[in-house]
There are 2 protein chains.
Amino acid sequence: VTRPLTVLPVTGVPEVRPGDVLADLLAAAVELEDGDVVVVTQKVVSKAEGRLVRLGAEAGAAAAREVVERESVRVLRRRGDLVISETVHGFVCANAGVDRSNVEAGTAALLPVDPDRSARRIRDGLLGRAGVRVGVIVSDTFGRPWRRGLTDVAIGAAGVAAVVDLRGTTDAAGRELVVTEVCVADELASAAELVMGKAAGIPAAVVRGVDAAWLRESSVRTEVVRPPSEDLFR
Amino acid sequence: VTRPLTVLPVTGVPEVRPGDVLADLLAAAVELEDGDVVVVTQKVVSKAEGRLVRLGAEAGAAAAREVVERESVRVLRRRGDLVISETVHGFVCANAGVDRSNVEAGTAALLPVDPDRSARRIRDGLLGRAGVRVGVIVSDTFGRPWRRGLTDVAIGAAGVAAVVDLRGTTDAAGRELVVTEVCVADELASAAELVMGKAAGIPAAVVRGVDAAWLRESSVRTEVVRPPSEDLFR
């Protein structure tokens, strides 16, 4: 794990429309290498998958609220227009991930139905069309309790570990490590965000040089989403 | 924000002892450039600052519990040996950041008294001794609700923005962004963790190529720590 890591913004991807094949657009925009991890933002995945709803020009806020309720299985907190809820996927985030920025006026983007499957589809597409074995992460921008500011996290993954288990390994002094599980998928999503910017129209980034041991089958839903029964804060 | 980012592990730093000047050890281990962000793990900062307590060989668990209580201003949750509490700094984390891995048996490392000040001291030292203007982040490994796995976050910062405010900027379609504040300090800490590994004895990493606009005075305590009154989950 001592190689340098490089994070490359993917530029030159055209505006994504429903039905577009993201693997094709990405393969055309960037020269990928075996072992790269491609981080793709939720917004373009949702657009390609047609996960857009029309809200109507006037009833914007009310219609958006209705969509948020529909995408939620449980509301944790409300403050003004802000709803913190658990989505059908098990994510806890603001407004169930429903987002009105960077989409056409009067519409909103919903989260992909199954972001792990979205990641697998892109991964398989890149293998088939560009002939490269890469990991893929679908990322989104979430807030969190206790700390201000948003960070990007993984909502889907394929071909790259979501959580790496260090149990059984020892620290530099030879004692068994207590801190054992690192969510590398979220860390990769965060690293990718640093080169994307929110306004720059960069829908993806490539992380090159990740530990080869992390390149395995995975799933954010099974590895990262914490069931309410395990959660001290639900 | 479209340049590639490079994350370099800092290897060859000797075992850190109380009184060591981290800026000297880091400057000797890596060739820094103006505009780099140096991410230093809490563990070596705490060691250099002598933030170590002896627990006694036998009463390990009980003594550790006492230290955790002393470092906490408020306990949020308990489960078995795990305490989630708010530290004197305002961080919410497990066991008040008290850590028994990678330190001598029978001792524990406490968080630095003022991690922003720790970061400033390293930053000033690197300017004075190596002549480079860099940003410095002190990182630690925290869990979070709702998601499994730990990620590295910033507990102190100097010379690099903690939270970047995108308010007033517009998205690619020209509409004002709703999502406005990104915690780049936490994202930088996470990116750095990816090259460090928990067991490898790598106490720091350099992130090269960050947006020059982020290189300004900052503070994790004032920018990132969310006061309980603003927090929907306390």
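Looking at Leu188(B), the atoms closer than 4.5 Å to chain A (heavy atoms on both sides) sit in the backbone and in the side chain alike. When heavy atoms are compared at a cutoff of 4.5 Å, Arg77(B) approaches chain A solely by way of its side chain, counted from C-beta outward. With a 4.5 angstrom heavy-atom cutoff, Arg144(A) touches chain B via backbone and side-chain atoms both. Of the atoms belonging to Val92(B), heavy atoms from both backbone and side chain fall under 4.5 Å from chain A.
Under a 3.5 Å cut-off, the side chain of Ser218(A) and the backbone N or O of Val160(A) do form a donor-acceptor pair. A donor-acceptor pair under 3.5 Å links the side-chain atoms of Asp211(B) to the main chain of Ala213(B), judged by distance alone. Proximity of a side-chain donor or acceptor of Asp116(B) to a complementary backbone N or O of Ala157(B) within less than 3.5 Å is detected.
If you take CD1 on Ile155(B) and CD1 on Ile137(B), they are separated by 11.5 Å, rounding to the nearest 0.5 Å. The distance from the CD atom of Glu104(B) to the CG atom of Leu52(B) is 8.5 Å, given to the nearest 0.5 Å. Summarising the geometry, atom CD belonging to Glu86(B) is positioned 13.5 Å from atom CD belonging to Glu71(B); distances are rounded to the nearest 0.5 Å. We find the CZ-CD distance between Arg148(B) and Glu223(A) to be 9.0 Å, quoted to the nearest 0.5 Å.
Most heavy-atom pairs under 4.5 Å with chain A, from the set Val210(B), Leu82(B), Leu76(B): that is Leu76(B). For the set Thr6(B), Val224(B), Val163(B), Thr151(B), the entry with the most heavy-atom pairs within less than 4.5 Å of chain A is Val224(B). Your options are Val153(A), Val207(A), Leu8(A), Val164(A), and the one with the most heavy-atom pairs under 4.5 Å with chain B is Val153(A). For the set Gly90(A), Gly149(A), Ala94(A), Gly209(A), the entry with the most heavy-atom pairs within less than 4.5 Å of chain B is Gly149(A).
Asp99(A) approaches Lys43(A) most closely through the heavy-atom pair OD2-NZ, 3.1 Å.
Residues of residues 225-234 of chain B placed with any heavy atom under 4.5 Å of a heavy atom in chain A are listed by number as Val225(B), Arg226(B), Pro227(B), Ser229(B), Glu230(B), Asp231(B), Leu232(B), Phe233(B), Arg234(B).
A donor atom on one side chain and an acceptor atom on the other are found under 3.5 Å apart for Asp152(B) and Thr141(B).
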> Going through the checks in order, is the side-chain contact (heavy atoms from CB on, under 4.5 Å) test met by Cys93(B) and Thr87(B)?
Replying inline: CA-CA 8 Å; Cys93(B) 59; Thr87(B) 71; 3.9 Å; yes
